[in-house]
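Notes for the one structure printed next.
Just so you know, these numbers come straight off a predicted model, no measurement behind them. In what follows, chains carry the letters A, B, and so on, assigned in the order in which the sequence lines appear, proteins first and then strands, with residues in each chain numbered from 1.
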Amino acid sequence: MNRTHSSITPWLLLLPAMTLLVAFTHYPAVATFWHSFFSTPKGANPAVFVGLENYALMADDPVFWRAFTNNLWFALGTIPVSIALAILMALWVNDRLMGRGLLRLAYFTPTVLPMIAVANIWLFFYTPQYGLLEQLTGALGLPSHNWLGNPNTVLGAMMVVAIWKEAGFFMIFYLAALQQISPVLAEAAGLEGASRWQYFRMVQFPLLMPTTLFVLINALINSFRLVDHIVVMTKGGPDNASSLLLYYIYEVGFAFWDSSYAAALTVVLLAMLGVIAFVKFRILDRRTHYQ
Amino acid sequence: MRRAILKSVAALAVSAAFGASAFAANPVEISFYYPVAVGGAVTKTIDGMVADFEKANPDIKVKAVYAGTYQESIVKALTAFKSGTPPTLAVLLSTDLFTLIDENAIVSIDTLAKSAEDKKWIDGFYKGFMENSQTDGKTWGIPFQRSTIVMYYNKNLFKEAGLNPEKAPASWTEMVDAAKKLTKRDASGNVTQWGVKIPSTGFGYWMFQAMTASNDTILMNSAGTKTYFDKPGSVQALQHWVDLTTKDKVMPGGSIEWGTTPKDFLEQKAAMVWTTTGNLTNIRTNASFPFGVAMLPGIKHPGSPTGGGNFYVFNKTSPEQQAAAMKFIRFAAEPARAAQWSIATGYVAPRQDAWDTAEMKKYLQEVPAADVAREQMKYGVAELSTHDNQRVTKALNDNLQAALSGTKTPEAALKDAQRESDRILRSYGR
């Protein structure tokens, strides 16, 4: 085998994966970045270079800031709760109990259901007067509440849907991680007379850290990616109270047809996700204890 | 090996060169995108119409594509247009008119239908519907699945409240009075049945336009370059809407979901609801009680905007395809067919001759409610449509929701909406 041949082989082996990566990840990202410096072409007017105008527009756009802060609250509200719930559910279905398989299935169901269909069902859960939630609170004698129609409660209501959807998914990872923990540790803790809580806090939880880190990153990325139930249930309303970044990008891109402004917004979102990924790979990863 | 490849390349080139003439003998193929925005078997009705058309015109093949909601349909049609393969024909919102013109995506109908007979045919559509199909003296769209807002009311609940079930409230004051009698509270003061529900998500601007129209205020100019959101008549209309919740206490607070409003009515949680006439067939099939359909009660007089979709013919398609598309439009608008379409869905047949067919007359005897929408056309105004329409509409919708949820006063909300719309439209007014 000659020299050139041996240096071509690895590239050829990489080619299929690289083609896909370049075509669907790198090229679109670079193109988006490039387009964000131009105006949107329309009819007879071609795109012209406008420099940072789209970004200046963004800094001045109240809807963008609203969506941005909504998104931060959304992440803050959904991630800790869904992770805590996931651990709880995983601990429970990890035990030997009757109908364990069924219970696991039940917890995982929200993850496999299509979000659009689910959002339509939740829309009726929240419906004032005769929705499921109203029937429950009504039976307790509480007053009727318009959950999705009130700017103060709509974001919280959307968070609940997201938590319901995410917790089951994260549970799977925790369940897998719990099953990796050697039963010897539980026996040893039992001999030492550790309580269940002590065993969880001193043994299980630290050993779950790599999983928690993985889940945390996924949860963060998901919370900036989540959009489908917003489209179906609120369209970002009332008055942008439930608008999230990705939904706003969709609106600007495909309802307003302002593709260059949408590109600028996408660049901001990409940058944020990039920072999150960087933090994971460079900082958190080094501080996590792997088995 | 190499020779074989060369041979096949040559063969391909030859067939491509002769392909054009060979295709001419084949039927013209056109693609047709259409949305479904109401309940019922609309796709089946369209497929039937396409099959009938192909039978009558064997030289034309129609590929009908169900493209989702109105919003999804325009996304698909414009994306296809931008990539160079637009549909020949599409049904899209009449309010997308300026967006399509600005993108240079559509052909004006006048260039396709030029004869005197054609002109007469175009004049046969209701004026109210043509307002959203023409601008600058040109016709760009042909009305197809057009609608308007009507009020549905529950006759049983009217009877219970001591109101005349055969006479719906005709003015705003009458509606509020009736709604007060129709709003029921339980022992602890919680409302179990609302007098009236006017949805504010999705089509909030449309409902609002009905109120302003009945208060002698229009919201935009016909060139689509100016809006008049903060005129005193508009502020007064929005105040009336907000009052339903805060002062009259006959409508729930916060925004009211467009999609669940028909269900609220069917569940008898709201005695009167405002929604599109396109929901008539849906409500007629599912209501477990006698109901009435009435013109919208107005502030000074009746008034309602039109709504719904038009046929548009796209640019970047061949003249043969455009001619074939025109044939299809003529076919769909034939009186008997327009009548059949209207009966199947509840949409308003857009021409008088459709209403004069025997089939339609028979239907009107069975369902007199269907005539209300046509009667209301006398007071019809064009639906809100401007350049950069989605953006302007969002500015208004957001602020209407802010006023209805109590975060802004009607006056402040409409001032904000006007300022935002001026900013968006500044480059079009010149």
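Residues A/Phe254 and B/Glu72 fail the side-chain proximity criterion, which asks for heavy atoms closer than 4.5 Å. Residues A/Thr127 and A/Glu134 form no side-chain contact, since every pair of their non-hydrogen atoms from C-beta on lies 4.5 Å or further apart.
A cation-pi contact, defined as under 6.0 Å to the ring centre and within 45° of the axis, is absent between B/Lys76 and B/Tyr33.
With a 4.5 angstrom heavy-atom cutoff, B/Asn397 does not touch chain A via any of its atoms. Neither the backbone nor the side chain of A/Lys235 comes within contact range of chain B, judged by heavy atoms closer than 4.5 Å. With a 4.5 Å cut-off on non-hydrogen atoms, B/Trp258 does not touch chain A at all. Proximity to chain B is limited to the side chain of A/Val252, based on heavy atoms less than 4.5 angstrom apart. Both the backbone and the side chain of B/Thr260 come within contact range of chain A, with heavy atoms under 4.5 Å apart. Residue B/Glu257 touches chain A through its side chain alone, counting heavy-atom pairs closer than 4.5 Å.
Relative ring orientation between A/Phe33 and A/Phe37 is described as perpendicular, the plane-to-plane angle rising above 60° on a 0-90° scale split at 30° and 60°. Between A/Phe49 and A/Phe38, the angle of the ring planes goes over 60°, which puts this pair in the perpendicular group of the 30/60° scheme.
In terms of heavy-atom pairs under 4.5 Å with chain A, the best-connected choice from B/Lys263, B/Gln71, B/Lys82 is B/Lys263. Each of B/Asn389, B/Asn190, B/Asn104, B/Thr192 has some count of heavy-atom pairs under 4.5 Å with chain A, and the biggest count is that of B/Asn190. The candidate with the highest count of non-hydrogen atom pairs below 4.5 Å against chain A, out of B/Asn399, B/Asp388, B/Leu78, is B/Leu78.
Remark: aromatic rings of B/Phe289 and B/Phe265 are close, center separation under 6.0 Å.
Within the structure, side-chain hydrogen bond (donor to acceptor under 3.5 Å, both in side chains) contacts touching residues 55-65 of chain A (residues at least two apart or in different chains) are A/Ser36-A/Tyr55, A/Asp61-A/Tyr248, A/Asp61-A/Tyr261.
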